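One structure is given here, and the rest of the page talks about it.
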Amino acid sequence: MPNHHIFSNITPNLTVEIEDNILLVALNRPDKRNALNDETILGLETIFSHIPDGVKCAIIYGEGKHFSAGLDLSELKERNAVQGLYHSRMWHRALDKVQFGSVPVVAVLHGACVGGGLELASACHIRVAESSTFYALPEGQRGIFVGGGASVRLPKLIGMARMTDMMLTGRVLTATEGVTFGLSQYLVDDKAGLEKAMELAKKISNNAGMTNYALMHILPRIVDAGQDGGLMMESLIAAIAQDAPEAKSRLQDFLEGRAKKVGE
Ligand code: 1HE
């Protein structure tokens, strides 16, 4: 697929490119530290609702010195309760499109990954953090609560106690703490995040489609289900995945010595 600009008219706050079969989405509002206003969140919803055919994986990263300073606080002050509810639900809708879209998403983090920026990162499937990354939930200090899905997604990554601590005390986590706590899966040097994400995206792109589908759409439901329903869902998706022609040919390749061994 040629490298070209798409979705160019959605919002200047986001740039989108395709390289090989990987969609690269940049938060591009560095003057405001990639603060996420409504236009940007709606832009993400549009992009992740219309992933072009042939794209196998997406990467989200931030231009400038920070991944994202979170919610655009300048848009917050005039909302009443009803508008606040709809606003939070809009974030939920958009970030659900990121999590439950058609392709796995790798986030590349650097600098501030705070508030709504951390909520966006949490909706992605893999997080690569550069060593400049720091994490916080300033909502506690701003007198508000998270509204972009953090209370559901973050405890699954780091546990309820760590999220509670971050909000009660304003604790800022370093990139190293982030990887230890489970916020990111990879820690890399500054400026090395995008290259690492591309390497991961290429691996993801080579998986059987049904494997990626199961990881994105079935595994989270199994995790949310009770043991009994979870095990049944596992059996059903295992049965479907192994029946796909791609699975059969991959198994044949292994049995006949053509496939890579683990770790190769
Ligand atoms: C912003 C925002 C923003 C910066 N909304 N405009 N998030 C926060 O509480 C984080 C607030 N931001 C910060 O703590 C700092 O900006 C950073 C640590 C992220 C970066 O610091 P720095 O020194 O690089 O930048 P700066 O000088 O603070 O900011 C540069 C500009 O960006 C400045 O605007 P300017 O017109 O004066 O140049 C800032 O006002 C602007 N800016 N962050 C709006 N967040 C779905 S609910 C989610 C709820 C939340 O996310 S609450 C957490 C919000």
Side-chain angles (χ1 to χ4, degrees), residues 11-14 25-48 60-100 105 107-124 127 129-158 162-175 177-178 183-184 190-191 193:
T11 161
N13 299 339
L14 296 168
V25 180
L27 308 176
N28 192 14
R29 207 186 170 208
D31 291 353
K32 295 287 177 190
R33 306 313 185 245
N34 296 327
L36 299 164
N37 58 7
D38 289 2
E39 188 180 311
T40 311
I41 293 299
L42 290 169
L44 288 170
E45 182 183 14
T46 303
I47 292 164
F48 283 91
I60 299 182
Y61 66 100
E63 296 289 357
K65 290 211 167 110
H66 301 280
F67 175 71
S68 172
L71 179 69
D72 186 330
L73 293 170
S74 68
E75 288 188 351
L76 184 67
K77 50 187 188 307
E78 305 297 345
R79 268 184 218 120
N80 65 26
V82 171
Q83 290 164 331
L85 171 71
Y86 285 135
H87 179 258
S88 168
R89 296 303 285 165
M90 175 187 82
W91 271 67
H92 289 172
R93 220 175 54 226
L95 298 196
D96 266 7
K97 294 288 184 201
V98 175
Q99 183 177 2
F100 299 115
V105 186
V108 180
L109 311 178
H110 73 296
C113 178
V114 305
L118 181 51
E119 294 185 297
L120 171 59
S122 305
C124 299
R127 282 150 295 278
E130 296 185 353
S131 51
S132 64
T133 308
F134 58 94
Y135 307 90
L137 290 172
E139 287 87 342
Q141 276 57 52
R142 307 269 177 254
I144 54 177
F145 195 67
V146 293
S151 51
V152 171
R153 293 193 178 97
L154 263 187
K156 289 180 181 168
L157 295 178
I158 62 174
R162 287 191 176 120
M163 176 176 172
T164 306
D165 177 26
M166 287 174 80
M167 287 197 71
L168 283 177
T169 66
R171 180 169 177 178
V172 178
L173 300 178
T174 63
E177 286 170 327
L183 274 176
S184 79
D190 282 343
K191 313 258 183 245

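All ligand and atom numbering here is 1-based and tracks the order in the structure. Quantities reported herein were computed from a predicted structural model and do not represent experimental measurements.
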Query raised in the report: CG of Leu137 to CD of Glu119: how many Å apart, nearest 0.5 Å?
Result: 7.5 Å
Query raised in the report: By number and element, which atoms of ligand 1 are closer than 4.0 Å to a non-hydrogen atom of Pro138?
Result: 8 (C), 9 (O), 53 (C)
**Report entry** Atoms of ligand 1 close to Gly115 [distance to a heavy atom under 4.0 angstrom, numbered from 1]
**Finding:** 51 (O)
Query - Expected output: side-chain Ser68 to main-chain Asn34 donor-acceptor under 3.5 Å - result: yes
Query raised in the report: Taking only heavy atoms of Ala112, which atoms of ligand 1 are found under 4.0 Å from at least one of them?
Result: 19 (C)
Query raised in the report: Does the protein put any heavy atom within less than 4.0 Å of atom 39 (C) of ligand 1?
Result: no
Requested in this report: Please answer whether the main-chain N or O of Glu45 pairs with a side-chain N or O of Arg93 as donor and acceptor at a distance below 3.5 Å.
Outcome: no
Query - Over 12 non-hydrogen atoms of neighbours within 6.0 angstrom of NZ in Lys156 - result: yes
Requested in this report: Can you sort out which atoms of ligand 1 are near Trp91, meaning under 4.0 Å from one of its heavy atoms?
Outcome: 46 (C)
Query raised in the report: Can you tell me if Glu119 has a non-hydrogen atom under 4.0 Å from ligand 1?
Result: yes
Report task. Look only at the side chain of Glu139 and the backbone of Val146, and say whether a donor-acceptor pair between them is shorter than 3.5 Å. Result -> no
Report summary line: of all protein heavy atoms, closest to atom 51 (O) of ligand 1 is Gly116 N, 2.7 Å
Query raised in the report: Donor-acceptor pair, Glu75 side chain versus Asp38 backbone, under 3.5 Å?
Result: yes
Report summary line: The atoms of ligand 1 lying under 4.0 Å from a heavy atom of Gly70, numbered in the order shown, are 51 (O)
Query raised in the report: Starting from atom 5 (N) of ligand 1, which protein heavy atom do you reach first, and at what distance in Å?
Result: Leu73 N, 2.9 Å
Query - Closest protein heavy atom (residue, atom, distance) for atom 25 (O) of ligand 1 - result: Arg33 NE, 2.9 Å
Query - Heavy-atom protein contact below 4.0 Å for atom 28 (O) of ligand 1 - result: no
Query raised in the report: Going by heavy atoms in the side chains, are Pro12 and Asn28 under 4.5 Å from each other?
Result: no
Query raised in the report: Under 4.0 Å from atom 33 (C) of ligand 1, is there any protein heavy atom?
Result: no
Report summary line: For atom 18 (C) of ligand 1, the closest protein heavy atom turns out to be Phe134 CZ, 4.2 Å
Report summary line: For Glu139, the atoms of ligand 1 under 4.0 Å from one of its heavy atoms are 48 (C), 49 (C), 50 (C), 51 (O), 52 (S)
Query raised in the report: Mind checking whether Asp31 has a heavy atom under 4.0 Å from ligand 1?
Result: yes
Query raised in the report: In terms of atom number and element, which parts of ligand 1 are under 4.0 angstrom from non-hydrogen atoms of Gly148?
Result: 46 (C)
Query raised in the report: How far apart are the closest heavy atoms of Ala129 and Thr133, and which atoms are they?
Result: CB-OG1, 3.7 Å
Requested in this report: Output yes when a protein non-hydrogen atom is found under 4.0 Å of atom 45 (N) of ligand 1, and no otherwise.
Outcome: yes
Query raised in the report: For ligand 1, which atoms sit closer than 4.0 Å to a heavy atom of Arg142?
Result: 8 (C), 9 (O), 10 (C), 11 (C)
Query - Closest to atom 43 (N) of ligand 1 (judged by heavy-atom distance), picking from Ala150, Gly111, Ala69 - result: Ala69
**Report entry** Proximity of His66 to ligand 1 by residue part, where a heavy atom lies under 4.0 Å
**Finding:** side chain
Query raised in the report: For atom 35 (P) of ligand 1, which of Arg29, Lys32, His87, Gln141 has the closest heavy atom?
Result: Lys32
Query raised in the report: Is the side chain of Gln83 donor-acceptor paired with the backbone N or O of Asn80 at a distance under 3.5 Å, no angle test?
Result: yes
Query raised in the report: Just by distance, do the side chain of Thr40 and the backbone of Asn13 share a donor-acceptor pair under 3.5 Å?
Result: no
Report task. Determine, counting only non-hydrogen atoms of the protein, whether one lies under 4.0 angstrom from atom 15 (C) of ligand 1. Result -> no
Report summary line: Closest non-hydrogen atoms of Met163 and Ile158, given as atom of the first, atom of the second and distance, are N-CD1, 3.9 Å
